[in-house]
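The basis for the numbers below is simple: all heavy atoms, side chains too, and nothing from hydrogens, waters or symmetry mates.
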Amino acid sequence: MSSRLIGVGVGPGDPELVTVKGVNALRAADVVVVPVMDTGERGRAEATVLHYVPAEKVVRVVFALNERTDRARREAAWDAAGERVAGMLRKGGTVAFATIGDPNVYSTFTYLALTVGELVPGVVVETVPGITAMQDLAARSGAVLTEGTEPLTLVPVTAGAAVLKEALAGPGTVVAYKFGRQAGEVADALRETGRLDDAVWGSALGLPEESVRPAAEMDGEPLPYLSTLIAPPRRSGGRGGKL
């Protein structure tokens, strides 16, 4: 029997930001898998999905989402999650995997798809794009991501604050993901590169606890892990100055 695995981007948290195509894919799937940490609590993807599909259709699969140092533990979790999803796909039909943001941008779906592809030969893997946190933060804060010929650099601060600082020293807008635990280092990097005044950060976008603030208000205290930062370049020359 043929089977399909579809990674569906459900956006950063606001259920209204799931695309029509994404909603249709979730509703058409036989099962909707959502990732949870090993503590088992409801994640942001699941909370979004439940606006569109009944709870009995949703299956939680544990991933080591917060594991950054123990590679063996992380890969064991990927293997176990992949085997569980593979078991569903061996029966045929369609399994949708809901991921916050976009399934092709720093998503757990990438690892799941690679694992399942080895376990279920012939499985068809597809993705449905989702709105990213940087797009949502830009809309909520009024920050312009790019103009004219400006580059856009996306940096996960889990790679280290030095990587962010190098990007900030270059041209164009810099977006930082997952920087909450290193908020103090990020503020220092913005200050040293002259990017602090125009930068903005946000967390829990579209949720009741949403926070959107100027980066200059960061006081060095840790922020939520999934915080997003936008640091635009200094722009001059008026309308079309970057063309």
Residues clustered with Ile131, ILVMFWY side-chain links under 4.5 angstrom: Leu17

- request: Name all residues meeting the side chain to side chain donor-acceptor pair (under 3.5 Å) criterion together with Thr153; count only those two or more places apart in sequence or in a different chain, and write none if there are none.
  value: none

- prompt: Is there a chain of hydrophobic side chains (I, L, V, M, F, W, Y, each step under 4.5 Å between heavy atoms) that links Val59 to Val32?
  reply: no

field: Pair Thr173, Thr146: side-chain N/O donor-acceptor within cut-off below 3.5 Å
entry: no

- request: Return each pair, listed once, that meets ring pair (Phe, Tyr, Trp, His ring centres under 6.0 Å) where at least one residue sits in residues 110-139; pairs must be two or more places apart or across chains.
  value: Trp78-Tyr111

query: Can you name the side chain to side chain contact (heavy atoms under 4.5 Å, CB included) partners of Val105, sequence neighbours left out?
result: Asp102, Leu154, Tyr177

Heavy-atom donor-acceptor pair, Ser141 side chain to Ala143 backbone, under 3.5 Å: yes

task: Name all residues meeting the salt bridge (Lys or Arg N to Asp or Glu O under 4.0 Å) criterion together with Arg44; count only those two or more places apart in sequence or in a different chain, and write none if there are none.
output: none

Under 3.5 Å: donor-acceptor pair, side chain of Arg60, backbone of Val34: no

query: Quick one: side chain to side chain donor-acceptor pair (under 3.5 Å) partners of Glu185, sequence neighbours excluded?
result: none

query: Can you list every pair that meets side chain to side chain donor-acceptor pair (under 3.5 Å) and has a residue in residues 200-215, with sequence neighbours left out?
result: Arg140-Glu210

task: Report yes if some heavy atom in the side chain of Val155 is under 4.5 Å from a heavy atom in the side chain of Val175; otherwise report no.
output: no

message: Hydrophobic clustering (ILVMFWY, side-chain heavy atoms < 4.5 Å, transitive) - are Leu205 and Met134 grouped together?
response: yes

query: Residues in side chain to side chain donor-acceptor pair (under 3.5 Å) with Asp198, at least two apart?
result: none

message: Rounded at 0.5 Å granularity, tell me how far CZ in Arg181 sits from OG1 in Thr158.
response: 9.5 Å

statement: Applying side chain to side chain contact (heavy atoms under 4.5 Å, CB included) to Asp188 and not counting sequence neighbours gives Arg191, Glu192

field: Non-neighbouring partners of Ala215 that pass side chain to side chain contact (heavy atoms under 4.5 Å, CB included), sequence neighbours left out
entry: Leu190, Leu196, Ala199, Met218, Leu229

Side chain to side chain donor-acceptor pair (under 3.5 Å) partners of Thr132, counting only residues at least two apart: Gln135

task: Answer yes or no for Arg27 and Tyr52: cation-pi contact, defined as NZ/CZ to six-membered ring centre under 6.0 Å and angle to ring axis within 45°.
output: no

- prompt: Looking at residues at least two apart in the chain, or sitting in another chain, which of them share a side chain to side chain contact (heavy atoms under 4.5 Å, CB included) with Glu166?
  reply: none

field: Distance in Å, Thr48 OG1 paired with Ile100 CD1, rounded so as to fall on 0.5 Å steps
entry: 8.5 Å

